[in-house]
Amino acid sequence: MEFSTTTATALHTIKTQALAVGVFTDGMLSPAADALDQASKGALRAAIKAEFDASSGSILTLHAPAGITADRVILLGLGSQESLKAASVSRAHQALAAYCVRAGVGTAVSTLCALDCADASLADLARATARLVSAATYRYDHTFSKAKPAVKLRSFSLHLSRAQAAKAKPGLEQGAAIGAGVNLARLLGDLPPNVCTPTYLGQTAKDLAKQFKTLKAEVLDQKKIEALNMGSFLSVARGSAEPPAFIVLRHTPSQASARKAAPIVLVGKGITFDAGGISLKPGPGMDEMKFDMCGAASVLGTMRTVAELDLPREVIGIVPSCENLPSGTANKPGDIVTSLSGQTIEILNTDAEGRLILCDALTYAERFKPAAVIDVATLTGACVIALGHVNSGLFTQDDALADELLAAGRQAQDPAWRLPLEDAYQDLLKSNFADMANIGGRPAGSVTAACFLSRFTSKYRWAHLDIAGTAWLEGKQKGATGRPVPLLVQYLLGQCAA
Ligand code: BES
Ligand code: MN
Ligand code: ZN
């Protein structure tokens, strides 16, 4: 997929298979739409009057309009002209990209990013556009007996003034790299759990390190994990015949001056299948627990983007990965394990396994003396109940870090919502037999999960993202979303500028 800018002055002479223009409700035309309407002697206004309400996300194709060189003019509805929002431009570009993929269009030009947006810069618009168009070209066909037809869309260009083009270019480049990171995260999420095992995730990290020279991968096996004393992580791993992996993927920027700041560490939950363990989950929908490694996938996807952009900041991705299955060797309710930190944990529910593997990874992260640690996990069903599928849950005691992550989420159109993390909730984790229990009961289930993690993060600035509701879609559209790669990359971009 190629992204570019074009500054041709006469829109009606542009050669492309699809030329997209914005239209507002009440028949208001964007300047580009108006120019094409004049070149075509009113073809656009006539079509709009006949059958186009221009609601946000709507789309109408005009084939071979007279007086216009492009094969098609695509009208994209933007809603009311009053205050154009980035989300509306994104919906329009999503509709355009989906159409191009469906119709087998190979080249497209959009004029939408030239419009002023109330809540986004031109670079933001360009970044979001490239990301969404890249994502629209994703097609899962790894486990079908016949390959699906290849996506034809190969070139997507933004029509802008010369001054605008200069501002848009870095955004486009970032967006393309984010799209590739998102698509990697989606693929890892979508692959079946008998393919995407801990070993497979480890191999993916090694492959990334081969592809990008700023990346170095280290995959610790069972023996090395044992030697480190990750008793909590190992107690989950030992219920499965599939060997665990502890993955460390490190980006060292090629620019020497960028290596001075302390690294930012990302930690991703990599449960490649969560049956619940001895506290077995109910059958219906259990297949979706293949997505329980989406935190890990988003960390690997983000590392891919970071490496492709050669971000001027050291970033380290850590992924503890194993399966959570019931078996004769599995951990069980009542078991007490000793974490890498030395703190003991009474396992009251083996289905609260995410925190058991993350706590050891969070302790491991201390060795990097990080500027900040952000963990990403499909951690609690309670988070889906609290926030649905719109916002990821954000937990941290650090107000400045919270603000940075929330702002990054808004800017990248990959939002998070802050939930409380106060000491008053810590009492729920009391155990009569160990330093803490691994569950706090039904009330505030996402908060007590975050409280549990917080006990392993005293040495650095830390935030936790619960992506249980945002990492994948259910039902007919079942599939991984690649979230929160856009949020994480936006945060990291901000940390480089700072
Ligand atoms: N992976 C699940 C969380 C989950 C459930 C994510 C449903 C998305 C959809 C996690 O390991 C888990 O099982 N959590 C338990 C915790 C409970 C036992 C305290 C949960 O949320 O029910
Ligand atoms: Mn579980
Ligand atoms: Zn889980």
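It should be emphasised that the depicted structure is a prediction, and the values quoted were computed from it without experimental measurement. Nothing fancy with the numbering, it's 1 onward along the sequence. Both ligands and their constituent atoms are indexed starting at 1 by order of listing. Reckoned from all heavy atoms, side chains included, excluding hydrogens, waters and symmetry mates.
- Under a 4.0 Å criterion applied to the non-hydrogen atoms of N349, ligand 1 contributes the atoms 18 (C).
- Ranking the protein heavy atoms by distance from atom 16 (C) of ligand 1 puts R355 NH2, 3.9 Å first.
- Aromatic ring pairs are classed by plane angle as parallel below 30°, tilted from 30° to 60° and perpendicular above 60°; the pair F144 and Y140 is perpendicular.
- Under a 4.0 Å heavy-atom criterion, R442 is not in contact with ligand 1.
- Note on K224 versus D221: no salt bridge recorded, every NZ/NE/NH1/NH2 to OD/OE distance being 4.0 Å or above.
- Within the coordination shell of the Zn ion (ligand 3), defined by N, O or S atoms under 2.8 Å, D292 is present.
- Nearest-heavy-atom check against atom 11 (O) of ligand 1 across K281, E474, E353 picks out E353.
- At least one heavy atom of W472 sits closer than 4.0 Å to an atom of ligand 1.
- Looking from atom 2 (C) of ligand 1 to the surrounding protein, the closest heavy atom is D274 OD2, 3.6 Å.
- A salt bridge is absent between R418 and D398; no separation between the charged side-chain nitrogens and carboxylate oxygens falls under 4.0 Å.
- Annotation: K223, atom NZ; neighbour count of heavy atoms from other residues, nucleotides and ligands within 6.0 Å does not exceed 12.
- Seen from the Zn ion (ligand 3), atom OE2 on E353 and atom OD2 on D274 lie at an angle near 90° (rounded to 10 degrees).
- Aromatic ring centres of F246 and Y364: separated by under 6.0 Å.
- With salt bridges taken as basic N to acidic carboxylate O contacts below 4.0 Å, one links D351 and K281.
- By the criterion of a heavy-atom distance under 4.0 Å, the backbone of L379, and not its side chain, is placed next to ligand 1.
- Residue contacts to the Zn ion (ligand 3): K269 brings an N, O or S atom closer than 2.8 Å.
- Nearest protein heavy-atom neighbour of atom 1 (N) of ligand 1: D292 OD1, 2.8 Å.
- Among G276, A352, G285, the residue whose heavy atom sits closest to atom 17 (C) of ligand 1 is A352.
- Here D274 contributes OD2 and D351 contributes OD1, and at the Mn ion (ligand 2) these two atoms make an angle of 100°, given to 10°.
- The two atoms that bring R313 and A371 nearest to each other are NH2-CB, 3.3 Å, heavy atoms only.
- D119 and K85 are not joined by a salt bridge, as no carboxylate oxygen comes within less than 4.0 angstrom of a charged side-chain nitrogen.
- Contact annotation for M286 and ligand 1: no heavy atom of the residue comes within less than 4.0 Å of the ligand.
- For atom 6 (C) of ligand 1, the nearest non-hydrogen atom of the protein is A468 CB, 3.6 Å.
- Near K269, meaning under 4.0 Å from any of its heavy atoms, are these atoms of ligand 1: 1 (N), 10 (C), 11 (O).
- Residue contact annotation: E353 places an N/O/S atom under 2.8 Å from the Mn ion (ligand 2).
- Close approach of ligand 1 to I439 is summarised as follows: ligand atoms under 4.0 Å from at least one heavy atom of the residue are 19 (C).
- Side-chain atoms of Q203 and D207 form a donor-acceptor pair, as typed in the model, at a separation below 3.5 Å.
- A salt bridge does not link E323 to K290: none of the charged side-chain nitrogens sits closer than 4.0 Å to a carboxylate oxygen.
- Between T448 and L429, the shortest heavy-atom distance links the atoms O-CD1, 3.7 Å.
- Among all non-hydrogen protein atoms, the one lying nearest atom 15 (C) of ligand 1 is D351 O, 4.0 Å.
- For the pair M289 and ligand 1, a heavy-atom separation below 4.0 Å is found.
- Side-chain atoms of V101 and Y138, non-hydrogen and from C-beta on, never get closer than 4.5 Å to each other.
- Residues D292 and T378 have side chains that bring a donor and an acceptor to within less than 3.5 angstrom of each other.
- Among all protein heavy atoms, the one lying closest to atom 20 (C) of ligand 1 is G381 N, 3.9 Å.
- Put simply, atom 13 (O) of ligand 1 has protein non-hydrogen atoms near it, under 4.0 Å away.
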